[in-house]
Amino acid sequence: MTAKTPGAPAPAVAPAGALPADATPAQRVQWLRAEIERHSHQYYVLDAPTIPDAEYDAMFSELQALETEHPDLLTDDSPTQRVGGAPLSAFDTVRHRVPMLSLNNGFEDEDVINFDRRCAQGLGRAPAAAAPADDLFGAADAADNAVEYSCELKFDGLAMSLRYEDGKLVQAATRGDGETGEDVTANVRTIKAIPLKLRGKAPAVLEVRGEVFMYRAEFDKLNARQADADEKTFVNPRNAAAGSLRQLDPRITAKRPLSFFAYGLGELQGADRPPTHSVMLDGFAAMGLPVCDERRVVRGAQGLLSFYRDIGQRRDQLPYDIDGVVYKVNAISEQEQLGFVSRAPRFALAHKFPAQEMTTTVEDIEVQVGRTGAITPVARLAPVFVGGVTVTNATLHNEDEIRRKGVHIGDTVIVRRAGDVIPEVVAVVLERRPADARAFVMPTACPVCGSHVEKLEGEAVARCTGGLICAAQRKQALLHFAQRRAMDIEGLGDKVVEQLVDQGIVRTPADLYKLGVAKLAALDRMADKSAANLVQAIDASRETTLNRFIFALGIRHVGEATAKDLAKHFGKLDNLLAADEAALLEVNDVGPVVAQSIANFLAEAHNVEVIEQLRAAGVHWPESEPAARAPLPLAGKTIVLTGTLPTMSREDAKEKLEAAGAKVAGSVSKKTDYVVAGAEAGSKLERAQALGVPVLDEDGMLKLLADSAAVQTGDAQ
Ligand code: IVH
C-alpha cells in the first residue's frame, strides 16, 4: 500500500512548533499517534472533523508504514491497532458479535495489481511473477485461473450494522471502534430506505452491513433549510449524515434525508452463507434492502482497473459522494481461505480516488470585477492538489459568504473541487488560525476604476457602479459579446481583450468592427496571420441572428433563453427598443426583475448608442414579424359585477376579469354576457334576470376564468 495520494502534498505541518523537521522516526511516530487520536476523537466522537478525511488517511498510512519499517516502535495503544473512537456515552453500547473491520487502501494501479497477485497466490492459483510485460490486453486475467471479484462503490457515509431477527429490524448499530458501537436503532428506524421488515422468507438472524449516507441533492436542500432556519449548516453530505445519526432525538433524525446501501454480511443464523458476494447482494436486494446498482463481477487486475476507470469517469455524475471503489474476492469460500490480517480482510481492497477536499492556506483575498460589475472575493491559495488538479484560487462568492464561513487571510481552509465545478472554500480549520490572521474588508471603491461600490438592499452581491467606464466590466462585456454562443468571434480571447482595453484601442463592442490587421498585429504575442484571422472572424460576425445579438449585449438577467424569447416576441430590434416595462412583461417567461433590467439597460443613452453603432458597422440579422399574440380568453365579453362577493373585493374581481380581456361595465343591457352577483345584489341582478343574462356567483366567475384560460392553452379536452 502506498502512503500517499498520487501527487498529493505531504500531510499538513503540525500545529506550530510541534515537531522539528529532523525528528527521529520515534518522535514522528509519537507525534502522528497524538494527531491521529485527536482527529479521530473529533471525527468519531464529536462529529466535528477539522481536517479532510484524505489528510487523516495520509497520517494513518504514514504511521502504518513507519511501524512496519520499525517494528520495535509498534505498541498496543497505537491507533493502527484499534480503529475509530469511543462510542458516545449517551447511546447504549452494542457489542458486535462479528467485528466490523475496515479496508486496506490502494491508490495506484500498482497497488491493485499487487492486491490481485496476493489474492491469486493466497488461493494457490497464480504464478508468483507478474503478468508478462507484453500482456497489454490482460490475457492472463482472462485465463481460467484469474480470481473473480465483486466490484462496488466506496460510499462516503457511515458504516452501519442492521440486525434482523425473523425478518424484523431489531437493532441498528454504528461501527464505533469495530468491537463495540452505538445503538442507534430509534434513529435508523426513521430512514425510509431501510425496511423494518424483510420481504420473503427471512433467516432467523441476518445482520446486514452497509453505509448510511445522504444524496447530494438532498444534502443541498437540507443545508438550504438549515440556513433559512438560522441553524448550523454542514460541510459535506458525510458530516450531515453523521450529525443526523448521532441525534439523541429521533424526531430530528426523521427530518434528515438519510439513505442506505447494503454491502456486507455480519452474523447469519438459520440459513446457509451465499456462495458468492454478488449472489449475496442480489439476495439483499430481493429482501427489499437497498443495494447500489453500480456493481460488477470481473476477473483479474485488468477487470478491477477497468471498473475503477469507468466509475472514475462518472464519479461526478453520481448522485452521491464516493471516495473510491471496493474490490472483494467474489467466492465466499475463497474469502474465508484468504482471511484477515490485523484490522482488515486480505480479500478486499478499497481503491481510492484523488481526494476532492484538502486543506491549504489562504494567502490573500482579492476581488474580481465581473461583466455586470459584481465584485467577487477570490481566495488566493497556497497551491494544493485536489480533485485531480493543482488549485491556487477559490471563489468566496460574496461578503456574506465570507462572514458565514468566517474566512480570514492566513487561515487554513478546506478546499473542495469536484468535477468541473469551480474550487470552493468549504470551511475554516479554526484551530490552525495564526495569531496574525486578518479579516477581509470589502473595498468601498472598485479596485479597477475607482468607482463607488454599492450593495443593494436584499442583494448579497456588491457591485462596481462604473458600468462601461470600468475597464474590468468593459473587458468582460467584450468577452461576453465575442463568445461562441453570442457573436462567435473566434480568436478574441482574454489576452487580446486585455490589451485592446488597456491600450484604449477598444471601448465598446462597436469599436471591434473598426479594427484593422495592422492595429491587431501590433499587439503582444499577435502574429500577422492571427491578426488577419481575427479581422476575418470579426467581419464574419456581422451576419448574425437577432437572438444572438440580444444575448451578446450582455443585459443583466438576459441569458440565451430569454434572448430567444425576446427575439421571437418582438421579431424586430426596433420593436424591442420601443418596448416599455409593461410591453416587456408580455414576453414569455419575462418577469418584473428581467423586464426592469432590460428597461434600465435601454434607458441608458450610451447603450442605445452602441447598438446603433453596431448596426451602422453592418451587424445585421434577418428580421421577422412579431409573434402573433394569442387573443385574451375573455376578449369581447362584457361583464357586470354587483353585490358583495364572499372572498374577493369588487376591485380584485374587476382586475382579474380585465386581465383576461373582458370589459367590466357598470350597467346591465342586452349586450351584457354575464352578471356576477354577490350578497345583497339589487336592481342589476333583477334586470339581468329579466333580460335572461346568465348570472354567476364568485365560484362561477372563477370557473369561467379557469375554463377560458384552459381553452386558450389547449388544456381543455
Ligand atoms: S466493506 C470487511 N464495502 O469503508 C470489510 N466498506 O474502511 C468491511 N465503505 O467502514 C467494509 N463502501 O464504512 C465495504 N462497498 C463498501 C463500502 C465500505 C464504503 C466504508 C465502510 C467501512 C470503510 C472501510
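What you are looking at is a predicted structure, and each value in this text was computed from that prediction instead of being measured. Note that ligands are numbered from 1 as they come in the structure, with each ligand's atoms numbered from 1 the same way.
Of the listed options Phe261, Tyr263, Phe213, Tyr263 places a heavy atom closest to atom 6 (N) of ligand 1. Selection from Phe347, Phe155, Phe340 by nearest heavy atom to atom 19 (C) of ligand 1 gives Phe155.
Atoms of ligand 1 lying under 4.0 Å from any heavy atom of Glu152, numbered from 1 in the order shown and given with element: 3 (N), 15 (N), 16 (C).
Across Lys154, Arg315, Arg416, a single residue satisfies salt bridge (Lys or Arg N to Asp or Glu O under 4.0 Å) together with Asp321, and that is Arg416.
Checking Glu55 against His39 by side-chain atom types alone, no donor-acceptor pair falls below 3.5 Å. Under the 3.5 Å distance criterion, with hydrogens and angles disregarded, no donor-acceptor pair is assigned to the side chains of Thr253 and Gln247. A donor and an acceptor atom, one from each side chain of Arg432 and Thr412, are nowhere located under 3.5 Å apart. A donor-acceptor contact closer than 3.5 angstrom is absent between the side chains of Asp116 and Tyr327.
In terms of protein heavy-atom proximity, atom 8 (C) of ligand 1 is closest to Leu101 O, 3.8 Å. Looking only at protein heavy atoms, the nearest one to atom 5 (C) of ligand 1 is Leu103 CD2, 3.6 Å. The protein atom (non-hydrogen) at minimum distance from atom 4 (O) of ligand 1 is Lys154 NZ, 3.2 Å. At the shortest separation from atom 13 (O) of ligand 1 among protein heavy atoms lies Glu211 OE1, 2.6 Å. For atom 3 (N) of ligand 1, the nearest protein heavy atom (residue, atom name, distance) is Lys328 NZ, 3.0 Å. With respect to atom 10 (O) of ligand 1, the closest heavy atom belonging to the protein is Arg175 NH1, 2.6 Å.
Looking at residues two or more places apart in sequence or on another chain, you find a salt bridge (Lys or Arg N to Asp or Glu O under 4.0 Å) between Arg163 and Glu165, Glu267.
Neither the backbone nor the side chain of Asp156 has a heavy atom within less than 4.0 Å of ligand 1.
For Phe213 and Tyr320, the gap between ring centers is short of 6.0 Å.
Close to ligand 1: Pro345, with a non-hydrogen atom less than 4.0 angstrom away.
More than 12 heavy atoms of other residues, nucleotides or ligands lie within 6.0 Å of CD in Gln226, so this atom counts as buried by the packing criterion.
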